[in-house]
2 protein chains.
Amino acid sequence: MDTRIHLTSDTTCHHDFKTNCNNCRLNTLCLPLALESKDIDALDAIVQRSKPIQKNEYLFHEGDPFNAIYAVRSGSVKAFSTTDDGREQVTGFYFPGELLGMDGISRNIHASTAKALETSAVCEIPFESLGELSARIPNLQRHFFQLMSREITEDQQLITLLSKNSADERIAALLLSISSRNARRQLSANRFRLPMSRVDIGNYLGLTIETVSRVIGRLQKKSVLQVDNKEVEILNFEALTEIAHTKVSHREAS
Amino acid sequence: MDTRIHLTSDTTCHHDFKTNCNNCRLNTLCLPLALESKDIDALDAIVQRSKPIQKNEYLFHEGDPFNAIYAVRSGSVKAFSTTDDGREQVTGFYFPGELLGMDGISRNIHASTAKALETSAVCEIPFESLGELSARIPNLQRHFFQLMSREITEDQQLITLLSKNSADERIAALLLSISSRNARRQLSANRFRLPMSRVDIGNYLGLTIETVSRVIGRLQKKSVLQVDNKEVEILNFEALTEIAHTKVSHREAS
DNA sequence: CTTGCTGTTTGACCCAAGTCAAAGCAATGA
DNA sequence: TCATTGCTTTGACTTGGGTCAAACAGCAAG
């Protein structure tokens with residue numbers, strides 16, 4: 001049998017209520033989506049919940065053996081990989097209800113490092129067990145395929161953003177992405193706190209911090225945003241959307 | 001006009017011998033990898049082979065209902081998506097033994113368009129059947145998870161390339177990628193024909209055709225490459241590798 | 001052969017974003 | 001209280017690669 005230390009719901013006693021996938025507020029976003037209650041119980045049985053991890057703590061490192069994928073329960077996490085020459089590339093920010101670590105499946109080794117941007121709680125989903133369960137629950141298999149596929153399409157959107165869009169467009173697109181992910185969790189789409197630093201934003205979007213800062217300044221001057229350090233308020237949603245989609249007259253391709 | 005072609009197993013009679021996954025030269029690269037012979041037969045039973053598709057014909061279009069993924073058997077294919085404002089972003093080039101179309105799983109609609117760069121043959125793998133088969137053959141499920149994960153890691157490498165590297169580095173990296181994929185298929189790593197146009201290269205790498213042309217010119221002047229239109233010879237592999245990894249003194253991040 | 005079409009190369013110029021430098025502004029803590 | 005440390009902002013300057021334009025090369029059709 002499985003020799004991993006088993007975290008029973010007992011270890012979650014620190015919390016006010018017994019956490020499980022069935023009563024998790026995020027189960028309409030996360031892996032349990034579209035599962036029947038009994039299937040959620042089966043999934044729940046393999047999911048391990050840990051006590052919160054602190055800001056700047058790591059969930060896993062690039063090169064670590066891959067055993068599990070992770071779902072963010074609260075807080076936020078950034079994933080990044082390190083290039084040959086030691087530079088980092090932030091490949092994603094993950095919010096509650098979102099899954100990370102799927103890039104480790106291909107070589108059975110984590111391809112990126114995951115670091116908490118703030119105090120966060122995560123669910124660990126052992127991949128071996130998830131595979132077995134998927135083989136028995138077609139809906140789970142399909143849904144997991146879909147989540148991996150979504151990661152692919154999101155990466156491809158980022159590729160397009162980096163390849164074709166100006167600094168202003170990139171920043172606008174990131175803010176809109178965060179906004180819509182907030183909305184998905186019933187939080188304000190117009191007012192939120194950025195959990196990541198300017199450095200992280202710049203790194204993610206392929207820009208320097210100076211450019212990030214200047215763009216944000218520019219958007220404030222245009223009354224599109226109101227930014228106080230990490231607190232963001234979108235004053236003009238329309239305008240921001242407009243900026244994100246502005247076509248810079250590139251020549252047509254292929 | 002819709003140039004899509006209809007794939008039925010009947011159409012494979014045109015070939016000299018019965019093609020199947022078991023005797024396919026690519027079965028050590030493709031989906032059958034690591035399957036036992038009888039499992040390969042099961043996979044083979046769901047795979048549909050078509051007669052070759054011509055240059056510039058489409059395999060599927062962005063927005064089409066998603067039913068199958070595709071494996072390139074010969075030739076080459078490019079995938080691209082179209083942005084709101086009508087510009088294209090090439091998201092990948094696919095060579096024999098490589099799978100494409102996995103970005104369609106998430107929304108059950110193809111997220112990109114696939115177009116043959118030259119006369120090519122592909123295998124169509126109905127996704128529904130692949131899911132069922134995966135549930136019965138653990139190795140197949142695992143391998144397919146791995147192939148999707150590889151797509152993710154490769155997209156993330158492209159993200160890093162676009163976000164952090166100069167034009168020279170991007171071109172060098174692409175050439176090395178094509179070279180190593182050729183080697184994987186027992187073809188020359190030093191001499192090959194680029195199936196895609198300069199426009200496609202530029203589009204993929206986030207550069208204009210002029211820049212692509214200039215960089216290639218520069219690499220020829222340095223005797224790293226010998227290029228005649230689409231024919232490429234790598235004269236100095238070391239140097240090319242060096243160029244691909246050159247650290248442009250960016251400031252450190254995060 | 002010429003004409004037209006499509007893709008590639010080359011040159012001259014320009015600008016968005018990178019670089020360098022310095023100042024501002026929290027938060028922490030002795 | 002005032003250093004200390006780590007962001008973030010702002011300004012002045014530079015540059016890689018984009019833009020525009022023109023020439024060139026390959027190839028198919030007439």
Side-chain angles (χ1 to χ4, degrees), chain A residues 54-56 78 87-88 90 115 117-118 161-172 174 193-221 225-232 243 246-254, chain B residues 54-56 78 87-88 90 115 117-118 161-172 174 193-221 225-232 243 246-254:
Chain A
Q54 298 302 310
K55 176 169 174 165
N56 291 332
K78 74 165 172 176
R87 282 175 293 156
E88 287 178 3
V90 174
K115 191 174 184 178
L117 289 169
E118 58 195 310
L161 199 66
L162 292 174
S163 164
K164 300 268 183 303
N165 295 99
S166 69
D168 293 56
E169 291 162 351
R170 294 182 205 184
I171 300 276
L174 175 61
R193 192 185 136 78
L194 296 174
M196 71 293 284
S197 69
R198 299 285 190 270
V199 174
D200 288 331
I201 293 177
N203 190 325
Y204 179 67
L205 295 175
L207 301 170
T208 58
I209 48 174
E210 292 94 327
T211 299
V212 172
S213 186
R214 277 187 257 265
V215 169
I216 291 177
R218 220 176 290 158
L219 292 176
Q220 285 192 92
K221 209 171 323 172
L225 297 180
Q226 172 66 50
V227 181
D228 177 37
N229 201 353
K230 309 209 153 176
E231 293 296 333
V232 176
I243 289 165
T246 300
K247 67 179 84 177
V248 270
S249 74
H250 265 286
R251 291 199 211 167
E252 248 347 280
S254 94
Chain B
Q54 298 302 311
K55 176 168 173 166
N56 290 332
K78 75 165 172 177
R87 283 175 292 156
E88 287 180 2
V90 174
K115 191 174 184 178
L117 290 169
E118 58 194 311
L161 199 66
L162 292 174
S163 165
K164 299 270 184 302
N165 295 98
S166 69
D168 294 55
E169 291 162 351
R170 293 182 205 185
I171 300 277
L174 175 61
R193 191 186 138 78
L194 296 173
M196 72 292 283
S197 70
R198 300 285 190 271
V199 174
D200 288 332
I201 294 177
N203 190 324
Y204 179 67
L205 295 176
L207 302 170
T208 59
I209 49 175
E210 293 94 327
T211 300
V212 172
S213 185
R214 277 186 257 266
V215 169
I216 290 178
R218 219 175 290 158
L219 293 177
Q220 286 192 91
K221 210 172 322 177
L225 297 180
Q226 172 67 49
V227 180
D228 177 37
N229 203 350
K230 308 210 153 174
E231 293 297 331
V232 175
I243 289 165
T246 301
K247 67 178 84 176
V248 272
S249 75
H250 266 288
R251 292 198 211 168
E252 249 345 280
S254 105

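Labels below follow one simple rule: chain letters A, B, ... track the order of the sequence lines, proteins then strands, and each chain is numbered from 1.
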Completion exercise
Taking every heavy atom of A:N203 against every heavy atom of A:E88, the minimum-distance pair comes out as ND2-O, 3.1 Å

Exercise for the section: Quickly work out the A:D168 CG to C:dG18 P distance and round it to whole Å. Expected result: 12 Å

Exercise for the section: Grab the two heavy atoms, one from B:K164 and one from A:R87, that are nearest each other, plus how far apart they are. Expected result: O-NH1, 3.3 Å

Exercise for the section: Could you tell me which residues satisfy salt bridge (charged side-chain N to carboxylate O under 4.0 Å, His left out) with A:R193, sequence neighbours excluded, listed by chain and number? Expected result: none

Handout entry: Steps toward side-chain contact (heavy atoms from CB on, under 4.5 Å) verdict (B:L205, B:V212)
Key = CA-CA 9 Å; B:L205 295 176; B:V212 172; 5.7 Å; no

Handout entry: Whole-Å distance separating the CD atom of A:E231 from the P atom of C:dC25
Key = 19 Å

Practice task
Grab the NZ-P distance between B:K164 and C:dT19 for me, whole Å please.
Solution key: 11 Å

Handout entry: Rounded distance in Å - NZ (B:K55) to P (D:dA28)
Key = 11 Å

Problem - Between P of D:dG11 and CZ of A:R218, the distance in whole Å - result: 12 Å

Problem - B:E231: side-chain hydrogen bond (donor to acceptor under 3.5 Å, both in side chains) partners, not counting sequence neighbours - result: none

Practice task
Using atom CG of B:L162 as one end and atom P of D:dG18 as the other, report the distance to the nearest whole Å.
Solution key: 11 Å

Exercise for the section: Looking at every strand, decide which applies to A:G206 at a 4.0 Å heavy-atom threshold: base, sugar-phosphate, or nothing. Expected result: sugar-phosphate

Completion exercise
Applying side-chain contact (heavy atoms from CB on, under 4.5 Å) to A:Q220 and not counting sequence neighbours gives A:I216, A:L225, A:Q226, A:V227

Completion exercise
Hits for side-chain contact (heavy atoms from CB on, under 4.5 Å) against A:T211, two or more places apart or cross-chain, chain-then-number order -> A:A167, A:L207, A:T208, A:V215

Practice task
Heavy atoms under 4.0 Å is the rule here; annotate nucleotides 6-13 of chain C 5' to 3' with B where the base is hit, S where only the sugar-phosphate is, and - elsewhere.
Solution key: --SBBBB-

Handout entry: Given DNA chain C, 5'-ward residue of the pair A:D228 and A:A167, judged by closest heavy atom
Key = A:A167

Practice task
Could you tell me which non-hydrogen atom of B:G206 sits nearest to which non-hydrogen atom of A:S163, and how far apart they are?
Solution key: CA-OG, 3.2 Å

Problem - Atom-to-atom span, CD1 of A:I201 to P of D:dT8 - whole angstrom - result: 8 Å

Practice task
Please name the pair of heavy atoms, one in A:R170 and one in A:L161, separated by the smallest distance, quoted to 0.1 Å.
Solution key: NE-O, 3.7 Å

Exercise for the section: Give a yes/no answer on whether the side chain of B:T208 brings an N or O atom under 4.0 Å of OP1 or OP2 in D:dG18. Expected result: yes

Completion exercise
When the rotation axes relating C1' atoms of four end pairs to the next four are compared across the helix from C:dC1-D:dG30 to C:dA30-D:dT1, five pairs an end, they differ to 10° by 20°

Fill in the blank from the handout: Between CG of A:L219 and C1' of D:dT9 the distance, given in whole Å, is 15 Å

